[in-house]
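Input: a single structure, listed below in structure tokens.
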Amino acid sequence: MKIVCVIDDDPIFVLTVVKLIQIENFCDKVVVYKNGAEAITGINACLNSGGELPCIILLDINMPVMNGWEFLEKFIEIPDHTIVDLFISTSSINRSDVTKSKKYKIIKDYLVKPITSKILRELSKK
């Protein structure tokens, strides 16, 4: 089962990207979390109950409670985290964020919002 996880606090972005994912028939299931803490808790609960990691994570950087960078630090502690294709999806065009993202081997790409159907099709090829 192909699972995509969207971690983002912007309800408009989440609504839009989930709809695009459905239109593109991009995956079997979409799981949404509003911040990194909620995502870590949800992913760990899923794994503890015998579930599997998502195959793709779209991760925002700027969120309340636990931001994307803090999430990454916790996520890389999870066994088998390297099987996940993790993409930063953010509105930040700050050069320091782009540079920081390159320090994490798990990050496959840095995507600037909005996410389009074309971007989703490109992700499915990666």
Side-chain angles (χ1 to χ4, degrees):
M1 178 197 259
K2 187 174 178 181
I3 301 169
V4 172
C5 178
V6 178
I7 306 170
D8 200 302
D9 64 319
D10 179 351
I12 302 299
F13 171 77
V14 169
L15 179 69
T16 304
V17 78
V18 168
K19 194 65 166 167
L20 278 175
I21 287 169
Q22 292 168 342
I23 289 168
E24 292 295 325
N25 199 24
F26 188 69
C27 65
D28 301 315
K29 180 179 178 183
V30 180
V31 179
V32 177
Y33 299 107
K34 295 177 189 169
N35 60 63
E38 191 178 285
I40 286 295
T41 300
I43 289 168
N44 281 326
C46 178
L47 292 174
N48 290 337
S49 66
E52 58 189 61
L53 286 170
C55 56
I56 293 175
I57 293 177
L58 297 177
L59 176 65
D60 189 19
I61 295 173
N62 300 308
M63 296 176 288
V65 184
M66 180 187 284
N67 68 33
W69 304 123
E70 294 165 325
F71 167 83
L72 280 168
E73 291 301 318
K74 296 286 187 189
F75 185 71
I76 59 177
E77 296 173 4
I78 294 174
D80 297 329
H81 72 274
T82 57
I83 66 168
V84 176
D85 289 336
L86 193 143
F87 298 89
I88 297 294
S89 64
T90 183
S91 55
S92 173
I93 56 172
N94 187 325
R95 190 176 303 261
S96 66
D97 285 335
V98 175
T99 302
K100 187 173 185 176
S101 75
K102 292 178 182 177
K103 295 179 182 177
Y104 292 89
K105 292 181 182 180
I106 190 171
I107 297 175
K108 302 294 182 207
D109 204 352
Y110 189 98
L111 309 172
V112 177
K113 294 176 184 176
I115 303 298
T116 63
S117 292
K118 180 181 177 185
I119 290 171
L120 286 179
R121 285 191 292 272
E122 290 171 9
L123 294 184
S124 67
K125 293 177 187 176
K126 291 185 177 185

Closest approach of [X] and [Y], non-hydrogen atoms and distance?
X      : Y     : answer
Ile115 : Leu20 : O-CD1, 3.1 Å
Ala37  : Met66 : N-CB, 3.3 Å
Pro54  : Ile57 : CG-CG1, 3.8 Å
Asp80  : Leu53 : O-CD1, 3.4 Å

Hydrophobic cluster membership, Val98 vs Ile107, 4.5 Å side-chain cutoff: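 Val98 and Ile107: one cluster.
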Ile93 with Ile88, same ILVMFWY side-chain cluster at under 4.5 Å: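 Yes, Ile93 connects to Ile88 through the hydrophobic network.
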Any donor-acceptor pair under 3.5 Å linking the side chain of Asp85 with the backbone of Ile56?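 Between the backbone of Ile56 and the side chain of Asp85 there is no qualifying donor-acceptor contact (under 3.5 Å).
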Using only atom types and a distance under 3.5 Å, with no angle test, would you say the side chain of Asn67 pairs donor to acceptor with the backbone of Trp69?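 Side chain of Asn67 to backbone of Trp69: a pair is present.
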Quick one: which of Leu123, Ile7, Thr90 gives a side-chain contact (heavy atoms from CB on, under 4.5 Å) with Leu58?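 Only one of Leu123, Ile7, Thr90 forms a side-chain contact (heavy atoms from CB on, under 4.5 Å) with Leu58, namely Leu123.
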Among Phe75, Phe71, Phe87, side-chain contact (heavy atoms from CB on, under 4.5 Å) partner for Leu59: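 For Leu59, the side-chain contact (heavy atoms from CB on, under 4.5 Å) check succeeds only for Phe71.
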From [X] [atom1] over to [Y] [atom2], what is the distance, rounded to the nearest 0.5 angstrom?
X      : Y      : atom1 : atom2 : result
Ile106 : Ile83  : CD1   : CD1   : 9.5 Å
Asp28  : Ile21  : CG    : CD1   : 12.0 Å
Glu24  : Ile119 : CD    : CD1   : 11.5 Å
Ile78  : Ile40  : CD1   : CD1   : 4.5 Å
His81  : Ile43  : NE2   : CD1   : 12.0 Å
Met63  : Asp10  : CE    : CG    : 11.5 Å

Mind checking whether [X] and [Y] have side chains closer than 4.5 Å, heavy atoms only?
X      : Y      : result
Asp8   : Lys113 : yes
Tyr110 : Ile61  : yes
Val65  : Glu38  : no
Phe13  : Ser89  : yes
Leu86  : Leu72  : yes

Which residue pairs pass the side-chain hydrogen bond (donor to acceptor under 3.5 Å, both in side chains) test when at least one of the two sits in residues 95-106, sequence neighbours left out?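 Sorted result for residues 95-106: Glu73-Tyr104, Ser92-Asp97, Asn94-Ser96.
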If you count every heavy atom of other residues, nucleotides or ligands that lies below 6.0 Å from Lys74 atom NZ, does the total exceed 12?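 Not buried by this count: 12 neighbours or fewer within 6.0 Å.
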Are more than 12 heavy atoms, taken from residues, nucleotides or ligands other than Ile23, located less than 6.0 Å from that residue's CD1 atom?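 Yes.
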